Colleague: 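If you scroll down you'll find the structure; I have some questions about it.
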Amino acid sequence: MKDDDIDLSDIPEITDKIFAEAVLRSGGKKVSKRKLRVNILLDADIVAYFKAASGGKGYQTLINETLRNFISQDDMEKMLRQVIREELAEYRTNADKKQHPD
C-alpha cells in the first residue's frame, strides 16, 4: 500500500493551539522553551537567503521558525506512520481471524 492510498480523513486536525499547549520532552525530562544564545557557522548563501526572505530584519527568527517547522513536520510524519502501522497490524490480525476462525 502506498502512502497516498491511506485514508486519513478520520484523523483530527492538529491545530496551533494543540502545539502551543504541548510539552517538549527529551529523555523524559521537560525541555525549557526559553531561547539560548548559540554561535553557529552558516554558509553565506543561506544567511543571504534568510535575510532577503525576512526583508533584512528578523532573519534569525525566520531561521528559528524554519527549523521548528522542519522538526514539527518530521515528528508528525513519524507519529502518523507509527499510528498507521499499528492500525494496519490490527486490521491484518482481525482479517486473519476472519479467514481462520478457531
Side-chain angles (χ1 to χ4, degrees):
M1 180 179 275
K2 295 182 181 179
D3 288 349
D4 293 339
D5 297 331
I6 299 170
D7 178 17
L8 303 175
S9 62
D10 62 340
I11 297 174
E13 182 179 344
I14 304 296
T15 64
D16 291 337
K17 181 182 179 202
I18 291 171
F19 276 115
E21 294 173 354
V23 175
L24 178 62
R25 295 183 182 276
S26 179
K29 295 180 182 177
K30 188 175 177 182
V31 176
S32 173
K33 290 188 177 183
R34 68 184 177 95
K35 294 193 176 205
L36 300 174
R37 179 173 300 277
V38 296
N39 294 320
I40 62 172
L41 296 175
L42 301 173
D43 294 339
D45 59 329
I46 300 294
V47 175
Y49 170 85
F50 281 99
K51 281 187 176 182
S54 68
K57 293 185 177 181
Y59 76 95
Q60 292 175 336
T61 299
L62 184 57
I63 293 171
N64 191 68
E65 289 171 358
T66 302
L67 292 170
R68 182 176 306 286
N69 287 338
F70 176 81
I71 292 168
S72 296
Q73 290 172 359
D74 188 50
D75 288 345
M76 180 65 65
E77 181 180 340
K78 287 177 185 173
M79 180 194 64
L80 286 174
R81 287 182 184 279
Q82 181 62 34
V83 168
I84 291 166
R85 280 189 205 100
E86 291 171 4
E87 291 295 321
L88 286 174
E90 182 68 25
Y91 172 80
R92 288 181 183 133
T93 300
N94 290 336
D96 287 343
K97 286 180 183 177
K98 288 179 184 177
Q99 288 180 355
H100 307 288
D102 292 332

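In this chain, numbering begins with 1 at the start of the sequence shown. Since the model is a prediction, treat every value here as computed from it, not as a measurement.
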Colleague: Does atom CG of Asp5 have more than 12 heavy-atom neighbours from other groups under 6.0 Å away?
Modeller: yes

Colleague: Give me the atom names and distance for the closest heavy-atom approach of Ala53 to Leu62.
Modeller: CB-CD2, 3.6 Å

Colleague: Please determine whether the number of non-hydrogen atoms from other residues, nucleotides or ligands lying under 6.0 Å from atom CG of Asn39 exceeds 12.
Modeller: no

Colleague: Using 0.5 Å steps for rounding, measure from the CD atom of Gln73 to the CZ atom of Arg68.
Modeller: 13.0 Å

Colleague: Are Phe50 and Thr66 close enough that some pair of their side-chain heavy atoms sits under 4.5 Å apart?
Modeller: yes

Colleague: What about Leu67 and Tyr59, same hydrophobic cluster or not, with Ile/Leu/Val/Met/Phe/Trp/Tyr joined at side-chain heavy-atom distances under 4.5 Å?
Modeller: yes

Colleague: If two hydrophobic side chains count as joined below 4.5 Å and joins carry through other members, does Leu8 share a cluster with Ile18?
Modeller: yes

Colleague: Ignoring hydrogens, what is the shortest heavy-atom contact between Lys30 and Val23? Give both atom names and the distance.
Modeller: CG-CG1, 3.8 Å

Colleague: Give a yes or no on whether Ile40 and Ile63 share a hydrophobic cluster (residues Ile, Leu, Val, Met, Phe, Trp, Tyr; joining criterion: side-chain heavy atoms under 4.5 Å apart).
Modeller: yes

Colleague: Please test Glu86 against Gln82 for side-chain hydrogen bond (donor to acceptor under 3.5 Å, both in side chains), starting from the C-alpha separation and ending with a verdict.
Modeller: CA-CA 6 Å; Glu86 291 171 4; Gln82 181 62 34; 2.9 Å; yes

Colleague: Between Ile6 and Met1, which heavy-atom pair has the shortest distance, and what is it?
Modeller: CG1-SD, 3.6 Å

Colleague: When you measure from the side chain of Asp43 to the backbone of Asp45, do you find a donor-acceptor pair of N or O atoms at a distance under 3.5 Å?
Modeller: no

Colleague: Count the heavy atoms belonging to other residues, nucleotides or ligands that lie under 6.0 Å from CG of Asn69, then report whether that count exceeds 12.
Modeller: yes

Colleague: Would you say OH of Tyr49 has more than 12 non-hydrogen atoms from neighbouring residues, nucleotides or ligands within 6.0 angstrom?
Modeller: no

Colleague: I need the Glu21 CD to Thr15 OG1 distance, nearest 0.5 Å.
Modeller: 7.5 Å

Colleague: When you compare the side chain of Asp3 with that of Arg81, does any pair of heavy atoms fall below 4.5 Å?
Modeller: yes

